[in-house]
Each structure stands twice: as structure tokens, then as C-alpha cells.
Amino acid sequence: MKKIFFLSAFALFAFSFTACLQDEDSDNRIPVRYTVIVTDKISGESVKEANVELTNEVQAAQDLKTNSSGTVIFPSEESYVNQIVVTKDGYFPKDTVDVISNPDTALNIILRSISLFLVPIDSAKKDSVK
């Protein structure tokens, strides 16, 4: 009888311990910090005041504007699947860029740098004249 009680108690402890580990792993997400650099595809110059939208896997979006060097840094995001859309008046709309970060549990934070190019609308006229 003692053996059955001991085995039952051990099985219950092991099950509880495993459940705790699973809960801990699901909450232990590593933040990702995105730096997005936006440049003009034709001139190679930085595009300031471009709208950069970062949408995470639960569809929560953050909108920021690039600075004078065409850069925007998003605060840490605890999401590994994100979409980035860059737009600015005078440029063709930028397609959505999907970014997937591989979680690395050896890190405290994942740093991602992404370079995107915008094509000026008037560049189509220049190409058609040549």
C-alpha cells in the first residue's frame, strides 16, 4: 500500500512540476528590438519623416517616423513574428516585410537591423525617358 501511495504522490509531483515548467517557458519570451533604416532607392540618401509601422503577431501596431538619418528604433517587442510597412508621400507604397526572429534563450534581447528602400514616384518618368 505504501508503494502505491508513494508512486501516486511521485506521479502527481512530476505532473505538477512539468506543468510549472511549461508555464514558465511560455512566459519566458526574449524581447526583440528593431532598428529600421529607410533609404531612397535611386539616390541612396536617407529618407526622413517616413512612416514605419510595426505590427506584431497579435495585430498590435506601433507607428513611428524616421529621424534625419532615416532611422527608427522600436522599443523592445516580445513578438517573434512581425510585419513592417514603410510609407511616405512622394514614394511608391512599400510592400509589407515579414520578419521572423528565432528565439535564442542564451540572449537577454535580440537586436534586429532591417534596411528598406523606398522608390520615388517620379523615378518612373526618368526611366521612361531613357
Side-chain angles (χ1 to χ4, degrees):
M1 187 66 140
K2 288 182 180 179
K3 288 182 181 179
I4 293 173
F5 176 76
F6 176 76
L7 289 175
S8 298
F10 181 75
L12 181 61
F13 171 76
F15 178 76
S16 299
F17 184 71
T18 304
C20 290
L21 285 178
Q22 288 174 349
D23 288 342
E24 185 178 346
D25 288 344
S26 65
D27 292 339
N28 193 14
R29 298 194 62 147
I30 298 132
V32 182
R33 182 177 302 148
Y34 291 95
T35 300
V36 180
I37 304 161
V38 181
T39 55
D40 185 298
K41 180 76 171 174
I42 305 301
S43 70
E45 294 180 10
S46 302
V47 178
K48 64 180 178 178
E49 297 296 315
N51 185 56
V52 182
E53 179 183 286
L54 174 71
T55 305
N56 66 20
E57 56 203 29
V58 293
Q59 302 301 312
Q62 298 180 55
D63 285 319
L64 294 176
K65 299 266 187 203
T66 56
N67 61 17
S68 60
S69 63
T71 303
V72 65
I73 299 173
F74 285 94
S76 299
E77 176 73 42
E78 290 191 1
S79 174
Y80 300 132
V81 179
N82 296 280
Q83 293 180 332
I84 298 173
V85 178
V86 179
T87 55
K88 179 163 171 82
D89 288 341
Y91 290 86
F92 286 109
K94 178 68 181 173
D95 289 336
T96 300
V97 176
D98 295 326
V99 182
I100 300 172
S101 297
N102 187 16
D104 183 347
T105 56
L107 301 173
N108 293 328
I109 189 166
I110 299 169
L111 303 176
R112 296 292 309 260
S113 292
I114 301 162
S115 295
L116 299 172
F117 298 98
L118 288 177
V119 178
I121 290 175
D122 62 355
S123 65
K125 294 175 188 173
K126 293 177 185 175
D127 286 344
S128 63
V129 175
K130 292 182 181 179

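For S46, the side chain to side chain contact (heavy atoms under 4.5 Å, CB included) test picks out no residue, with sequence neighbours left out. Every residue meeting the side chain to side chain contact (heavy atoms under 4.5 Å, CB included) condition with L111, not counting sequence neighbours, appears here in chain and number order: R33, I109.
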Show which side-chain atoms of residues 50-58 pair as donor or acceptor with protein atoms under 3.5 Å away, not counting sequence neighbours.
unit_1 : atom_1 : unit_2 : atom_2 : d
E53    : OE2    : T55    : OG1    : 3.4
N56    : OD1    : V58    : N      : 3.0
N56    : OD1    : Q59    : N      : 3.2
N56    : OD1    : A60    : N      : 3.0
N56    : ND2    : E77    : OE2    : 2.7
E57    : OE1    : S79    : OG     : 3.3
E57    : OE1    : Y80    : N      : 3.4
E57    : OE1    : V81    : N      : 3.2
E57    : OE2    : R29    : NH1    : 3.3
E57    : OE2    : R29    : NH2    : 3.2

Exercise for the section: Would you please test F74 and V32 for side-chain contact (heavy atoms from CB on, under 4.5 Å) and show each step? Expected result: CA-CA 9 Å; F74 285 94; V32 182; over 6 Å; no
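For the atom pair L116 CG and I84 CD1, the distance stands at 6.5 Å (nearest 0.5 Å). Rounding to the nearest 0.5 angstrom, the gap separating the CD atom in Q83 from the CD1 atom in I100 is 10.0 Å. Here the straight-line distance linking atom OG1 of T66 with atom NZ of K88 works out to 7.0 Å at 0.5 Å rounding. In this structure, Y34 OH and N82 CG are separated by 3.5 Å, a value rounded to the nearest 0.5 Å. Here CD1 of I73 is found 10.0 Å from CG of L64. Values are rounded to the nearest 0.5 Å.
A pairwise comparison of heavy atoms in D40 and V47 identifies N-CG2, 3.4 Å as the closest pair. Smallest separation of non-hydrogen atoms from P75 and Q62: CD-OE1, 3.5 Å. For L118 against F92, the heavy-atom pair with the smallest separation is CD2-O, 4.1 Å.
Residue-environment remark: NZ (K65) exceeds the threshold of 12 foreign heavy atoms within 6.0 Å.
Neither F117 nor I37 shares a network with the other; the hydrophobic side chains, linked directly or stepwise wherever heavy atoms of I, L, V, M, F, W or Y lie under 4.5 Å apart, form separate groups for each.
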